[in-house]
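Only heavy atoms go into these numbers, but all of them, side chains included; no hydrogens, no water, no symmetry mates. Below, read A as the first sequence line, B as the second, and so on, with proteins coming before strands; counting in each chain starts at 1.
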Amino acid sequence: MLPKEHYDIIGEFDRPRLAIESIESGNIPEIIIMDISLPEMTGLEASKYLKENHSDIKIVILSMHKDEEYVLECMNQDIMGYVVKDSIGDEIRLAIDKVYEGGKYFSKEVINLALNTHKKRKTRKKELDEINLTKREREVLALIADGKTNNEVAEILFISERTVEAHRANIMKKVGARNTAELIRKSITKNLI
Amino acid sequence: MKKILVAEDSIIVNQHIFKTLEGSGYEVFSAFTGEEAVNEANKHLPDLILMDIMMETKSDGIEAALEIKNTLDIPVIFLTALTDVGTLDKVKDSQPYGYIVKPFNEVELLSNIQVAIHKSKVENEVKNNRDLFQASINSITQAFFLFDQKDTIFYVNTSTESLLDKKFNDLLGMPANESLIIHARTTDENYNLDTLRSMEPDELFSKELVFKTANKEIPIGDVILKSVSGKGEVVFTLFIFKDITDRIKARELELEIDKRRITSLIEGQENERNRLAREIHDGIGQLINLVKLKTKGVAEGEAKEELNQLLEQTLEEVRNVSENLQPSGLNNFSLEKNVEKLVTQFDENSTIEFEFTSSDLPDLDLKVKTHLFRIIQEALSNILKHSQAKNSTIQLYGLENKIQLTIEDDGIGFNPESIDQATAHHGMQNIEYRVNSLNGNFTVDSNQKSGTMLLITIPL
């Protein structure tokens, strides 16, 4: 499908391991076109390996996946091209040319996707910076601050002691405390109790 | 006809007694020395022996009586002359049935004989009953205790002896509160004879307890506690139980087998889903892409437009089916990312506010990731369908040596006891199987006031 006058195809493999073996035996391409869902090792894992060990090789991902996390992961890995299989045909050619010249090419659909979710993430992230306790967790925290033991909390709230322990562990994680004293101190400064 | 042996060295006296007894309808044998008495007793097995204490001026009647007592258990009446009175002390060991002091008259002799034979018969019956009772009690594998009015041990059977590794004589008279150290099998609740008495017999019988001895703890069941009354008051308390070590082992084995069966079932299911997803994605998906490519050759126009649209839809459908079978993200991304996406989907497609927090998760293998993902998926579907909640919070943390997953909602709650019956809670069972297959722990805390919380911990 690629016009032969410009590019030589020096290998075709149905799994990343074989491609990597071929590369490491000296058959080094300038560009690799890589799927994501592959046997033994995913395309993303293979790309990561190649980035670390053969950083000169440029990678264009060719995938059916149109989900944000795939695209974001590829952007994080500094992968230069991402083409959705739907638009295969002219687009892959464009992508290869662009990447070969040192540019970037991402299919239009996934670019929008990535931009949108990137924005969404940002707003979400901001919310998460505040400590957001559930109703039950606030009740448990108040009782702990009151000096109640897990057992007493369990009895007051009609829940099992195991559940109280779990709530306590969750609250500590959210507040970032390692023990009860720190939990109470931080909870007070953060206006949780 | 009752048989009587007369051991008397005086021929005249011997003959006299012989005649008298024969005349009264007894079959009579004679012996003139102690040695002869033993021989004759062995030979004829008489119902009674009349034994002169002094024979041939030796007190060998006593020795003969002792030997007969030990080997044959035949009742003996001693014939004594007044001069023998000093030796009477010595004969106590042979437990004679009476003494007749010479000289005696006929009536005295006969009445003494009748009383002795009767007494021996009654005693034999009692002894036989007791032997039968002991043999029966000892033949059962259950431990058997008999406590007296003061709640001290009166009797235990051999099963109890071997269970406690103690002899009956050491246990006799031991108070119940020292000999019965019992607690519940699954809680620390302690029991004593009084608390056991206050329980309903059926409840007690079905209860599993632990019996503590000096060096081991024995699980017990099938407990029976019964008061035996006589003359209107409690005379004995009967306490019977069974060592259920084997029963518990068998049950645990059964559970283990069940667990393994279900685990491999679920694992097989996941593998199959994975295979199907891959085949659909790689096989059918690729083919459709190829078809799409070929539409380039089709003349432009409405038909081509429609064809491309249909192919687009088909491709979307293939992708959805494949994703539902096995989220491809599980192969490619961390559990956190996958769950975050899942929770966002639930959040955006329902009126419930779903929130997900996570931190400190270690790298997990695909099996753990898949199970936890499915668990969360199952739980969120349940919340969506049944809880009527407004908020739901999913938290997933790596703790010291375990992963802790909590899924809370502020809905109407449900009764965890009904997990088995309600089809709506089929999902809960599924969760439980998956947790089991990760050797984790699963509890549900639910009430109508504050909603439901699932707590799952998986050891690392």
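- Other residues, nucleotides and ligands contribute at most 12 non-hydrogen atoms within 6.0 Å of the NZ atom of Lys48(A).
- Counting only distance, with no hydrogens or angles, the side chain of Asp445(B) and the backbone of Ser160(A) share a donor-acceptor pair below 3.5 Å.
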* Pair Thr134(A)-Glu355(B), side-chain contact (heavy atoms from CB on, under 4.5 Å): steps then yes or no -> CA-CA 10 Å; Thr134(A) 68; Glu355(B) 201 190 291; over 6 Å; no
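- The contact between Glu316(B) and chain A is made entirely by side chain atoms (from C-beta outward), counting heavy-atom distances below 4.5 Å.
- In this structure, the separation between CD on Glu69(A) and OG on Ser328(B) is 7.5 Å, given to the nearest 0.5 Å.
- At distances below 3.5 Å, at least one donor-acceptor pair connects side-chain atoms of Tyr70(A) with backbone N or O atoms of Gly329(B).
- Counted within 6.0 Å of CD on Glu21(A), heavy atoms from surrounding residues, nucleotides or ligands total more than 12; the atom is thus considered enclosed.
- A distance of 7.0 Å separates CD1 of Ile159(A) from OG of Ser450(B), quoted to the nearest 0.5 Å.
- Other residues, nucleotides and ligands contribute only 12 or fewer heavy atoms inside 6.0 Å of the NZ atom of Lys98(A).
- With hydrogens and angles ignored, the 3.5 Å screen pairs a side-chain donor or acceptor of Arg319(B) with a backbone N or O of Met64(A).
- More than 12 heavy atoms of other shown residues, nucleotides or ligands fall within 6.0 angstrom of atom CG in Asn151(A).
- Using a 4.5 Å cut-off between heavy atoms, Asn447(B) touches chain A through its side chain atoms alone.
- Looking at Thr42(A) and Asn331(B), their side chains never bring a donor and an acceptor atom within 3.5 Å of each other.
- Annotation: Tyr100(A), atom OH; neighbour count of heavy atoms from other residues, nucleotides and ligands within 6.0 Å does not exceed 12.
- Heavy atoms of other residues, nucleotides or ligands lying less than 6.0 angstrom from NZ of Lys367(B) number more than 12.
- Arg278(B) and Pro39(A) get closest at one heavy-atom pair: NH1-N, 3.8 Å.
- Only the side chain of Asp360(B) comes within contact range of chain A, with at least one heavy atom under 4.5 Å from a heavy atom of that chain.
- Defined by atom type and a distance below 3.5 Å, a donor-acceptor pair is missing between the side-chain atoms of Gln404(B) and Lys173(A).
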* Checking side-chain contact (heavy atoms from CB on, under 4.5 Å) for the pair Lys337(B)/Glu68(A): CA distance, chi angles, key distance, verdict? -> CA-CA 11 Å; Lys337(B) 270 204 173 146; Glu68(A) 52 171 285; over 6 Å; no
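- When the candidates Met453(B), Gln286(B), Glu312(B), Glu323(B) are compared by the number of heavy-atom contacts under 4.5 Å with chain A, Met453(B) comes out ahead.
- The closest side-chain donor-acceptor pair between Glu137(A) and Gln395(B) falls under 3.5 angstrom.
- Considering OG1 of Thr457(B) and CD of Glu165(A), their distance stands at 10.5 Å, rounded to 0.5 Å.
- The OG1 atom of Thr393(B) sits 9.5 Å away from the CG atom of Asn170(A) when rounded to the nearest 0.5 Å.
- Ion pairing between Lys135(A) and Glu408(B) fails under the 4.0 Å rule for side-chain N and carboxylate O.
- Thr406(B) and Ala166(A) get closest at one heavy-atom pair: CG2-CB, 4.1 Å.
- The residues Asp67(A) and Lys341(B) are annotated as salt-bridged, a charged nitrogen and a carboxylate oxygen being separated by less than 4.0 angstrom.
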* To do: Let me see the working for Tyr397(B) and Met172(A) under side-chain contact (heavy atoms from CB on, under 4.5 Å), right down to the final yes or no.
  => CA-CA 11 Å; Tyr397(B) 298 121; Met172(A) 303 253 257; over 6 Å; no
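- Put simply, CG on Leu293(B) and CD1 on Ile92(A) are 11.0 Å apart, with the number rounded to the nearest 0.5 Å.
- Atom CG in Asn289(B) sits 6.5 Å away from atom NZ in Lys85(A) (nearest 0.5 Å).
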